Amino acid sequence: MGQQKNLDGYVGFASLPNQVYRKSVKRGFEFTLMVVGESGLGKSTLINSLFLTDLYSAEYPGPSHRIKKTVQVEQSKVLIKEGGVQLLLTIVDTPGFGDAVDNSNCWQPIIDHIDSKFEDYLNSESRVNRRQMPDSRIHCCLYFIAPSGHGLKPLDIEFMKRLHEKVNVIPLIAKADTLTPEECQQFKKQIMREIQEHKIKIYEFPETDDEEENRLVKKIKDKLPLAVVGSNTIIEVNGKRVRGRQYPWGVAEVENSDHCDFTILRDMLIRTHMQDLKDVTNNVHYENYRSRKLAAVTYNGVDNNKAKGQLSTKSPLAQMEEERREHVTKMKKMEMEMEQVFEMKVKEKVQKLKDSEAELQRRHEQMKKNLEAQHKELEEKRRVFEDERSNWELQQRLEQQKMEASRTLEKNKKKGKIF
Amino acid sequence: MASTEIARQAGEGVRAVPLAGHVGFDSMPDQLVNKSVNRGFCFNILCVGETGLGKSTLMDTLFNTKFEGEPTQHNQPGVTLKSNTYELQESNVRLKLTVVNTVGFGDQINKEDSYKSIVEFIDAQFEAYLQEELKIKRTLHSYHDTRIHACLYFIAPTGHSLKSLDLVTMKKLDSKVNIIPIVAKSDAISKSELAKFKIKITSELVSNGVQIYQFPTDDESVAEINSTMNSHLPFAVVGSTEEVKIGNKMVKARQYPWGTVQVENENHCDFVKLREMLIRVNMEDLREQTHTRHYELYRRCKLEEMGFKDTDPDSKPFSLQETYEAKRNEFMGELQKKEEEMRQMFVQRVKEKEAELKEAEKELHEKFDRLKKLHQDEKKKLEEKKKSLDDEVNTFKQKKTAAELLQNQAQQAGGSTTLKRDKERKN
């Protein structure tokens, strides 16, 4: 995106990594690790071995000593310091997991716990007034597989399938000192086969540009799942004091890479990939949770036609803004339509009224004409009649006169006046 | 060992346990650093100052390279912001540097709105980040951050005091960005004048309540140097990309007849201090302050503007979903209400129009009823006339018949008389 520029001399921003280093040490680090597995698989011992401390002790018993009737999810926090670096370590364990006769849904409290941590983070991230947010999300889940030597149990498969998209799952073969190297090899192959078959996504090491690193990563990948042994006791072997398990036939050393993969696990989990586990949790698992949660909110009440199963990349606020705009357009259209309908109906009615008026007018004209005609007729009739009458009356008068005249004549004749 | 922020956050109930050996988590800072080196770094500088104060030259000098740009003319109609992004690399550290320049600042006759485009630009970058942060599907870890991490404010070397434009602008910017004021082209001022100038500027800033960036003193490793540097603010700088031979070295300098001003000579100017503070010691802190203070302030104001608020500041967890849903329901309710109102309005209009038309219809009918009545009256009159005529005719007819009867009788009688007469005559 930007232009490449060459520097003609030392500027000094190469100190940025140091600045970041300094600030991170000042802030301190935090990590939350979850351990899941049936009781008695050596989970607490392994944690103590990993962190070289009595996290679990008589005073703070491990999960196998705290079994309740139902699966619990409990956490213990410790603050550990080393080389100027402080780490707030939270271990989440699940006493009771897989120990009941009927273990259906024993993973549910765990899923709920993980989700509730995501929920807490989401809520604090969404506040109006935000402060530096503590990160109590689960960064990694160590899943302990019993060293049966055969394959995964149905519970193992079910658990991993349900959790692989919520948390970084690292499966471990527990109490690996009960397997010979050959048995262990076979067991591992079988487990990886089954993991692939069930499409379980266990934590994957990131690709780097570094050749050296990639080679190391490949070596680790070939040994998955890691077979581990833990111990709380220090034993002297060949003059050295090592952590190990004493058997009549010898000592299984925890940190001997010929005996088990403990050092690989420790190096990977703590010394090289701790930050990556946190980043994947933040950038992938948490984001998945968040987008699903927010999509549910946005699609409440929205047309199902729009939902179509695609997650919107718009923020809910932008979504609301868009909905507002859409609604304004819809309202305008509706208004226009209503206006049109209204105008049309008015026109119709006005027309009807006009027609009705015209009709009435016509009828009125008709009647008037009619009446006028009748008038005329009457007038004519009267005129004729009056003519007739006056004629007749005239005639009568004439007759009368004639008669009067003839009578007079007769009279006169009689009187001898006329010959 | 001093307590870290995280330890403080964890509170009292956390037990500290001793380690029986080397666990290895002391590599965490390195792991973190490696990741950020792989990702690359990003830094954005905004240069605010009048045309001709040597902003571009100073950038070139600071970063030992020639950046874009032609010197601008003084005839700009308003203030525009030009931004350029560069990829720089030093050993294994990649830096994506964005330099934003204010073009035309201070050139107008009426400078009242000069600061506006700057504030808008800064806000726009915050807004872009906020939008990304609020998206449902977001990619914050690979987002190219364009928010301004440092604002170098160039003060003209008048030697007297701050211009009112400077005070107004800095006051508008101090809650939005880290301001580092510098006296530009400071080779124009003598040392004694400079000391007085710096004091005057600092006191004017304080009396006007302008908050400039303070180099942080909470980290012991840099507290001392930072607090010393804080007392040298504002830095009086000179920039130059020209090189002059001093002794047997080529140094960046400005050559005058009366001497040579060496950029990197701390007796001549504060360039080295600026570079040290801005780049070598506090670059990361500038970035962090922008994110945790200025951005958060912008975000808080923006969300409050939109009506969001935390249900309870500390105890009850705030649920974004609930707020979104509540907002959404409120919003949908509003829209529905508007829709309803419009519908009602139409219903009302229809009613009114119907009433109007009914009224007109009624009037029409009344009119015609009246006409009809008139017509009826007329008809009646006509009938009466007809009747009277008929009566007259009948009367006449009767009269006529009677008269004719009489006449006939008379005629007969007369006829016989006449006959008699005739007879008599004949006789």
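Just so it is clear, the model here is predicted, and its values are computed rather than measured. Note on naming: letters A, B, ... go to the chains in the order of the sequence lines (proteins, then strands), and numbering restarts at 1 for each one.
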Interface residue of largest heavy-atom contact number with chain B, from A:Glu388, A:Lys368, A:Lys345, A:Glu393, under 4.5 Å
A:Glu388
Given side chains that start at C-beta, do those of B:Thr4 and A:Arg27 come closer than 4.5 Å, heavy atoms only?
no
Selection from A:Met331, A:Lys5, A:Arg130 maximising heavy-atom pairs under 4.5 Å formed with chain B:
A:Arg130
Charged N-O contact under 4.0 Å between B:Asp218 and A:Lys26
yes
Looking only at A:Ser24, A:Gly9, A:Ser15, most heavy-atom pairs under 4.5 Å shared with chain B are made by A:Gly9
Would you sort out whether B:Phe396 and A:Phe385 count as a ring pair (Phe, Tyr, Trp, His ring centres under 6.0 Å), showing the intermediate values?
CA-CA 9 Å; B:Phe396 172 67; A:Phe385 164 69; 5.4 Å; yes
With a 4.0 Å cut-off, would you call B:Glu361 and A:Lys349 a salt bridge?
no
When the 4.5 angstrom heavy-atom criterion is applied to B:Val37 and chain A, the contacting part is side chain
Checking heavy atoms, do the side chain of B:Lys399, its backbone, both or neither come under 4.5 Å from chain A?
both
Counting only heavy atoms closer than 4.5 Å, note whether B:Arg275 contacts chain A via side chain, backbone, both or neither.
side chain
Residue from A:Leu50, A:Leu55, A:Asn18 scoring the most non-hydrogen pairs under 4.5 Å with chain B is A:Leu55
Chain A contact via B:Asp390 - which portion, at a heavy-atom distance below 4.5 Å:
side chain
Any Lys/Arg nitrogen of B:Lys96 or B:Glu87 sitting under 4.0 Å from an Asp/Glu carboxylate oxygen of the other?
yes
Relative to chain A, which segment of B:Lys353 carries a heavy atom at a distance below 4.5 Å: side chain, backbone, both, or neither?
side chain
Side chain, backbone, both or neither of A:Asn129 within contact of chain B (heavy atoms, under 4.5 Å)
both
Under 4.5 Å from any heavy atom of chain A, what part of B:Phe368 do you find: side chain, backbone, both or neither?
side chain
Is the closest basic N to carboxylate O distance between A:Arg382 and A:Glu379 below 4.0 Å?
no
Report which part of B:Leu374 has an atom under 4.5 Å of a heavy atom belonging to chain A: side chain, backbone, both, or neither.
neither
Which atoms of B:Glu334 are under 4.5 Å from chain A, going by heavy atoms: the side chain, the backbone, both sets, or neither?
side chain
Residues B:Glu133 and B:Lys302 bridged, charged N to O under 4.0 Å
no
What residues, two or more places apart in sequence or in another chain, satisfy side-chain contact (heavy atoms from CB on, under 4.5 Å) together with A:Ser116?
none
Contact winner vs chain B - A:Gln4, A:Arg22, A:His375, A:Arg266, heavy-atom pairs under 4.5 Å:
A:Arg22
Which residues satisfy the side chain to side chain donor-acceptor pair (under 3.5 Å) test with A:Glu287, sequence neighbours excluded?
B:Arg138
Let me know if B:Glu276 has heavy atoms under 4.5 Å from chain A in its side chain, its backbone, both or neither.
neither
Interchain contact, B:Glu392 with chain A, by part (heavy-atom threshold 4.5 Å)
both
Checking heavy atoms, do the side chain of B:Arg287, its backbone, both or neither come under 4.5 Å from chain A?
neither
Need one label for B:Lys385: side chain, backbone, both or neither, based on atoms under 4.5 Å from any heavy atom in chain A.
both
